Amino acid sequence: MSESARRRISILVVEDDPGDLGLIQVNVRLAGIRRVGDRDPVVWAPTLAQGVVAATASKPDVILLDLSLPDSAGLETVEAMRAVAPEVPIIVLTGQDNHRLAEEALQAGAQDYLVKGQFQHDALGRAIRHALVRQRLESRLSLFRAALNSVANGILITDIHSTIEWANPAFTRMTGFSLAETVGRHPGEMLNSGKQDQQFYQRMWETILAGRVWSGELINRRKDGSLYAEALTISPVTDSNGRIQHFVAIKQDISERKANEARVQHLAHHDQLTDLPNRNLLSDRLFQALAQARRDRGTVALMFIDLDRFKPVNDTLGHDIGDLLLKEVALRLQACVPRDSDTVARLGGDEFVILLAQIEKAGDAVVVAGKLLAALDRPFLIGPHHVSLSGSIGIAVYPQHGEDVSQLLKNADIAMYHAKTAGRNCYRFFREVSEATEV
């Protein structure tokens, strides 16, 4: 037999009648709670005051508590004992067979209720054993409840119809809805942001109603109206016959993680100085623009821009001024191509590329080139410095000057060098021959 099984049970009896005490001791022996050779498990206290002292000192396993004592009576007796022994199961003893009093005693913290003189058929022994079992179960439930209340993830328990029955504090912190505002409502009624379509929720319900776990990410709305990204797992809970009775939803706010991922993605596809798209993002957008143009038999223009006389400015005024100048150049270039379908990118140094998607004819690029040259020709005020620049622009057009990304970039770069050779501050279209002429 294990050490825990051999451990003697301590029973505190708070009872002022010695005759009733003797009856209790007999029933304890008959119930097998006291084995031969064991010390008497019963500790006697004839008053509530003495019972409080004994409960505090001996920490009994069970308390048998008379409701009528010389120094206390009724439910106040239960409440007083519960205050000093909150974890110990209390079995109330009374001479009155009063069901209303029994219910009140249970609500006050007692675990069971017995009428004196009605201990036949091992009633007292069963009550003690059941109280000990319930106490262990309640201790485990308290542990589980504390664990659920302390986890960082929000947890919801709903019935089969998605009506919320319980939520932990993390759910309140995540959504702003209190437990009182949550119980009895549906998660969709409270949190739906409108960012997921009906098919999304239909697939979710098909999964969980089939008894399978569903996991996914969605955008939900807090009580204050703000949106947040959520990782959600919903698990069906079934009875012994396999019928679904409840759903448990575990919710994690992943807004910060999503924001970090977005920042990483942004840095991977944008120039750190000007925040313009970099070569990788430009290549992706040019690839998409060419695919669209092939389907629509459209035209795409690629403009390669190199700043004239930027290096002397950078060397003379310093890299800090040079960086500020490049930022201003980026803003002016963007102002010249306001369409969402167009892209202004920086390849590095003083090299910029503009993608004009979905233009009607090559001549449309000429209009944009004129705007760009005029914008760059205006003096730049960088701190106390007035800086004059210009730009050389090379233009390659799909499909005349290339049919893929690398070919168009290469030919726009070649056309830009022709513009440099032609005297700078001008644009040139790519030509197969060594000389380039304006359109």
Side-chain angles (χ1 to χ4, degrees), residues 266-267 269-279 281-282 285-286 300-357 359 362-397 408-409 411-431 435-439:
H266 187 85
L267 290 173
H269 294 92
H270 290 78
D271 173 55
Q272 293 189 23
L273 177 63
T274 63
D275 204 39
L276 292 177
N278 61 13
R279 183 184 294 271
L281 183 53
L282 172 68
R285 292 185 179 178
L286 178 54
V300 174
L302 199 65
M303 312 178 74
F304 202 110
I305 305 170
D306 187 84
L307 301 181
D308 301 326
R309 301 185 302 278
F310 175 75
K311 188 176 184 304
V313 172
N314 205 36
D315 293 343
T316 303
L317 300 180
H319 292 290
D320 290 343
I321 298 298
D323 286 347
L324 292 175
L325 179 58
L326 289 173
K327 289 182 178 181
E328 289 297 318
V329 168
L331 292 175
R332 291 194 186 183
L333 297 181
Q334 287 177 297
C336 294
V337 281
R339 295 192 311 170
D340 291 338
S341 59
D342 299 330
T343 298
V344 179
R346 181 184 178 224
L347 301 189
D350 60 341
E351 294 181 336
F352 296 83
V353 173
I354 295 178
L355 165 63
L356 301 179
I359 60 175
D364 293 340
V366 175
V367 177
V368 176
K371 292 179 180 179
L372 295 170
L373 293 174
L376 294 175
D377 196 46
R378 298 195 309 271
F380 291 84
L381 179 61
I382 309 296
H385 306 287
H386 287 77
V387 180
S388 294
L389 283 178
S390 61
S392 298
I393 303 175
I395 306 173
V397 177
L408 280 172
L409 280 169
N411 290 343
D413 189 21
I414 292 172
M416 181 272 294
Y417 279 104
H418 286 309
K420 290 278 190 185
T421 304
R424 303 181 180 182
N425 194 24
C426 63
Y427 66 87
R428 289 293 183 270
F429 280 88
F430 172 76
R431 288 291 181 266
E435 293 183 358
T437 58
E438 294 187 25
V439 172

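In this text the structure is predicted, and so the values were computed from the model without any measurement.
- In terms of heavy atoms, Arg346 sits closest to Leu276 at N-CB, 4.1 Å.
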Given side-chain contact (heavy atoms from CB on, under 4.5 Å), test Leu333 with Ile305 step by step and report yes or no.
CA-CA 10 Å; Leu333 297 181; Ile305 305 170; 4.1 Å; yes
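- Taking every heavy atom of both residues into account, Ala301 and Ala365 meet most closely at CB-CB, 4.0 Å.
- Here Asp308 pairs with Lys420 in a salt bridge; the nearest charged N to carboxylate O distance falls below 4.0 Å.
- Atoms CG and CG, on Leu325 and Leu317 in that order, are 9.0 Å from each other to the nearest 0.5 Å.
- Nearest heavy-atom pair across Ser392 and Ala419 is CB-CB, 4.0 Å.
- Rounding to the nearest 0.5 Å places CZ of Arg428 at 13.5 Å from CE of Met416.
- With hydrogens and angles ignored, the 3.5 Å screen pairs no side-chain donor or acceptor of Asp323 with any backbone N or O of Leu326.
- Listed by first and then second residue, the salt bridge (charged side-chain N to carboxylate O under 4.0 Å, His left out) pairs involving residues 334-343 are Arg339-Asp342 (not counting sequence neighbours).
- Side-chain contact check for Thr343 and Arg285: at least one donor-acceptor pair (N or O, by modelled atom type) lies under 3.5 Å.
- Once rounded to the nearest 0.5 Å, the distance linking CG of Leu331 with CZ of Phe380 reads 9.5 Å.
- Atom CG in Leu307 sits 4.5 Å away from atom CG in Asp350 (nearest 0.5 Å).
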Evaluate Ile414 against Phe304 for side-chain contact (heavy atoms from CB on, under 4.5 Å), listing each step before the verdict.
CA-CA 9 Å; Ile414 292 172; Phe304 202 110; over 6 Å; no
What do the steps show when you test Leu347 against Leu282 for side-chain contact (heavy atoms from CB on, under 4.5 Å), and what is the final call?
CA-CA 9 Å; Leu347 301 189; Leu282 172 68; 4.0 Å; yes
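- When all heavy atoms of Met303 and Ile395 are compared, the closest pair comes out as CE-CD1, 4.1 Å.
- Below 30°, between 30° and 60°, or above 60°: for His266 and His270 the angle between ring planes is below 30°, a parallel geometry.
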Test side-chain contact (heavy atoms from CB on, under 4.5 Å) on Tyr427 and Leu372; report intermediate values, then the result.
CA-CA 10 Å; Tyr427 66 87; Leu372 295 170; over 6 Å; no
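- Between Gly391 and Leu373, the closest heavy-atom pair is O-CD2, 3.2 Å.
- The side-chain contact (heavy atoms from CB on, under 4.5 Å) test applied to Ala375 returns Arg332, Cys336, Arg378, not counting sequence neighbours.
- A heavy-atom distance below 4.5 Å is not found between the side chains of Asp306 and Tyr417.
- Crowding of Arg279 atom CZ: a count of heavy atoms from other residues, nucleotides or ligands under 6.0 Å not exceeding 12.
- Note that CZ of Phe430 is 7.0 Å distant from NE2 of His418, once rounded to the nearest 0.5 Å.
- Rounding to the nearest 0.5 Å places OG of Ser388 at 11.5 Å from CG of Leu376.
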